[in-house]
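Presented below is the structure to which this report refers.
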2 protein chains.
Amino acid sequence: MAQQEPREGRLRPARRLTLTEDVYESIKTLVMDHILPPGERVNIDALARELDVSPTPVREALARLEADGLVRKRPLSGYTTTPLLSRAEFDDLFDVRQLLEGATAGRAATHASAEARQRISAEAAASIDVEAGDGYRRHAAFTALDAKFHDLIAEVSGSPLLRDTITRLHSHLHLHRLYFPVAGAPDTNTEHQRIAAAIVAGDAAAATEAMRAHLSAARERHLPAFDQLPTPGTPRDSA
Amino acid sequence: MAQQEPREGRLRPARRLTLTEDVYESIKTLVMDHILPPGERVNIDALARELDVSPTPVREALARLEADGLVRKRPLSGYTTTPLLSRAEFDDLFDVRQLLEGATAGRAATHASAEARQRISAEAAASIDVEAGDGYRRHAAFTALDAKFHDLIAEVSGSPLLRDTITRLHSHLHLHRLYFPVAGAPDTNTEHQRIAAAIVAGDAAAATEAMRAHLSAARERHLPAFDQLPTPGTPRDSA
DNA sequence: GAAACCTATTTCCTATAGGATGTTGCTTTG
DNA sequence: CAAAGCAACATCCTATAGGAAATAGGTTTC
């Protein structure tokens with residue numbers, strides 16, 4: 001039946017352990033990078049052909065992505081990528097981030113090991129190196145570094161549940177339109193360092209406040225993106 | 001090939017639209033009610049035979065449940081139900097609940113419609129009717145009513161994201177050992193009514209505080225369950 | 001000219017089959 | 001008697017096939 005040939009696998013990285021896992025990561029990247037446009041239908045068979053696997057693991061990966069909130073499934077109509085965040089949903093997201101990440105910053109300041117404080121401080125300082133590079137790469141590097149910093153604080157907060165919850169939220173954030181000018185990168189670095197300083201100093205209230213201020217500023221920086229393209233909300237199925 | 005016979009489907013409810021959806025709900029119930037014991041291996045084929053479907057939809061439902069945190073998947077070894085919460089995880093859960101649900105209560109008090117306040121008040125009053133009935137049914141009814149009250153507040157808070165997050169947390173709570181004496185039902189009702197009163201009065205600070213106090217008390221009520229059975233933590237795979 | 005109906009195509013959804021891998025029990029050897 | 005190696009088994013994982021439903025386009029009728 002010739003099903004075990006050493007295939008190419010041009011889109012996915014080196015086989016980890018299970019095919020489904022690789023397919024999951026591949027599709028996740030496809031959605032995150034808007035290669036699969038938001039709000040668009042996802043053809044299972046076409047995707048399977050593209051990734052050079054059978055539809056079954058694709059289907060299974062899609063089921064996981066649905067629980068993650070990156071795709072949606074209408075009963076007899078197939079999967080669609082989650083549409084772009086509306087202005088209201090975007091504000092809601094940042095409200096919740098302020099609540100959750102403010103708490104992680106405060107907790108990190110209260111009970112974090114000396115080694116952990118050192119790591120946070122180093123991470124905040126390392127952010128400066130991002131300035132070089134061209135458009136896309138620079139943006140991707142900046143986004144990755146920002147995510148890492150926030151996740152590091154969540155990790156140090158000592159609440160695995162809080163960390164998981166925030167991670168899930170962040171994947172929603174990537175549903176925001178992706179390529180906009182990141183003019184505020186220097187500001188972000190400054191704010192990160194303020195947060196790191198408060199955590200290192202062990203001042204919980206200051207850390208919480210610094211995080212909330214950072215997220216508030218970040219929200220403002222993202223806002224212009226809503227005025228650029230048409231149909232910033234959910235384009236279809238508003239009934 | 002005789003695959004379209006009108007089968008019995010003894011375990012699942014009336015077909016909704018997709019088989020996978022029904023299977024998902026069935027397995028979820030099985031895990032929640034500990035019919036599939038926590039920390040135990042889940043045999044896909046056996047489960048498929050039990051539910052009278054092919055392994056494929058079972059596999060797909062399991063993938064969704066993994067994202068929900070109710071089962072785990074070890075790469076080449078199959079699925080296992082998530083083990084019972086350890087004491088540390090339980091405390092973590094209630095810490096996060098206090099943070100999130102305290103916020104929903106406060107938000108509900110600030111901006112909720114008059115009709116919504118009415119519903120909350122009614123729901124808190126309705127809780128009294130649960131007192132009758134025998135062990136299992138009584139416990140199930142009490143749990144369902146409690147969940148409904150908390151979800152109602154989350155709904156009224158006006159933050160869909162917060163509501164979703166809390167819903168996800170609550171399914172984790174059901175990972176706690178299920179059948180313990182609910183001696184504190186009257187207390188719970190009293191506390192619920194205090195929360196409802198604060199929300200109706202529009203006092204955000206009082207609502208937040210009442211919710212946090214309620215969860216703190218609830219946590220204390222649940223605590224004795226840890227001293228009853230052996231191996232309260234994660235039994236296996238501690239390496 | 002517009003709306004409703006019918007038909008054809010595409011796509012999804014479920015079932016079955018076969019290969020690869022992990023696990024378990026037994027045997028053999030030091 | 002214990003430990004290591006081997007073999008048989010069970011289970012998972014992936015691929016393929018076929019039936020059912022929804023969607024889209026064209027035609028017909030009012």
Side-chain angles (χ1 to χ4, degrees), chain A residues 1-9 11-27 36 39-66 71-81 235-237 239, chain B residues 1-27 36 39-66 71-81 236-237 239:
Chain A
M1 215 159 283
Q3 70 181 15
Q4 230 59 26
E5 308 169 1
R7 286 175 156 168
E8 277 304 313
L11 265 174
R12 55 200 156 88
R15 276 285 296 268
R16 200 167 297 106
L17 279 91
T18 66
L19 227 193
T20 300
E21 191 74 16
D22 289 337
V23 172
Y24 171 77
E25 292 295 339
S26 296
I27 300 180
L36 291 175
E40 209 77 358
R41 298 191 52 157
V42 177
N43 188 318
I44 294 180
D45 291 337
L47 204 53
R49 275 195 303 274
E50 185 71 18
L51 267 49
D52 205 0
V53 296
S54 81
T56 307
V58 172
R59 170 169 289 277
E60 196 164 331
L62 247 25
R64 289 183 54 186
L65 286 169
E66 187 195 9
V71 301
R72 292 175 183 178
K73 176 186 180 184
R74 219 167 32 176
L76 270 311
S77 174
Y79 287 93
T80 58
T81 49
R236 51 186 59 76
D237 116 334
Chain B
M1 215 159 286
Q3 71 180 18
Q4 229 59 27
E5 307 169 0
R7 286 175 158 169
E8 278 302 314
R10 50 179 168 281
L11 263 174
R12 55 199 156 90
R15 276 286 294 268
R16 198 168 297 107
L17 280 90
T18 66
L19 227 192
T20 299
E21 191 75 15
D22 289 338
V23 172
Y24 171 77
E25 292 294 340
S26 296
I27 300 180
L36 290 175
E40 209 77 358
R41 297 190 53 157
V42 177
N43 188 319
I44 295 181
D45 291 337
L47 204 53
R49 275 194 302 274
E50 185 71 17
L51 266 49
D52 206 359
V53 297
S54 82
T56 307
V58 173
R59 171 169 290 277
E60 196 164 331
L62 247 24
R64 289 183 54 186
L65 286 170
E66 186 195 10
V71 301
R72 293 176 181 176
K73 175 187 179 183
R74 217 167 35 174
L76 269 311
S77 174
Y79 287 92
T80 58
T81 50
R236 49 188 61 76
D237 112 339

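The chains referred to below are lettered A, B, ... by the order of the sequence lines, with proteins before strands, and numbering in each begins at 1. Keep in mind the model is a prediction, meaning the values are calculated, not measured.
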What integer distance in Å separates [X]:[atom1] from [N]:[atom2]?
X	N	atom1	atom2	result
B:Arg49	D:dA10	CZ	P	11 Å
B:Asp22	C:dT14	CG	C1'	13 Å
A:Arg74	D:dA21	CZ	P	18 Å
A:Glu40	C:dT11	CD	P	14 Å
B:Asp45	C:dA15	CG	C1'	13 Å
B:Leu47	C:dA15	CG	P	14 Å
B:Tyr79	D:dT11	OH	C1'	14 Å
A:Glu66	C:dC13	CD	P	10 Å

*Answer yes or no: does a side-chain N or O of A:Asn43 lie under 4.0 Å from OP1 or OP2 of C:dC12?*
yes
*Where the side chain of B:Leu19 is defined as all heavy atoms beyond and including C-beta, which of C:dC13, C:dT14, D:dT23 is the nearest nucleotide?*
C:dT14
*Could you check which of C:dC13, D:dC12, D:dT23 has an atom nearest any side-chain atom of A:Ile44?*
C:dC13
_Just to be sure I understand the geometry, which residues of residues 55-62 of chain B put a non-hydrogen atom under 4.0 Å away from DNA chain C?_
B:Pro55, B:Thr56, B:Pro57
Gap between atom [atom2] of [Y] and atom [atom1] of [X] - 0.5 Å precision:
X	Y	atom1	atom2	answer
A:Leu19	A:Thr56	CG	OG1	10.5 Å
B:Thr81	B:Ile27	OG1	CD1	12.0 Å
B:Thr80	B:Arg74	OG1	CZ	7.0 Å
B:Leu65	A:Arg64	CG	CZ	12.0 Å
B:Glu21	B:Ser26	CD	OG	10.5 Å

*Would you mind telling me which residue lines up with the more 5' stretch of DNA chain D, A:Ser77 or B:Ala46, judged by nearest nucleotide?*
B:Ala46
*Considering heavy-atom distances to DNA chain D, does A:Thr20 or A:Arg41 have its closest nucleotide positioned more toward the 5' end?*
A:Thr20
*asked:* Determine whether a donor-acceptor pair (N or O, by modelled atom type, separation under 3.5 Å) exists between the side chain of A:Arg41 and the backbone of A:Ser77.
replied: yes
*List for me each residue that meets salt bridge (charged side-chain N to carboxylate O under 4.0 Å, His left out) alongside B:Arg59, sequence neighbours excluded, and say none if there are none.*
A:Glu60
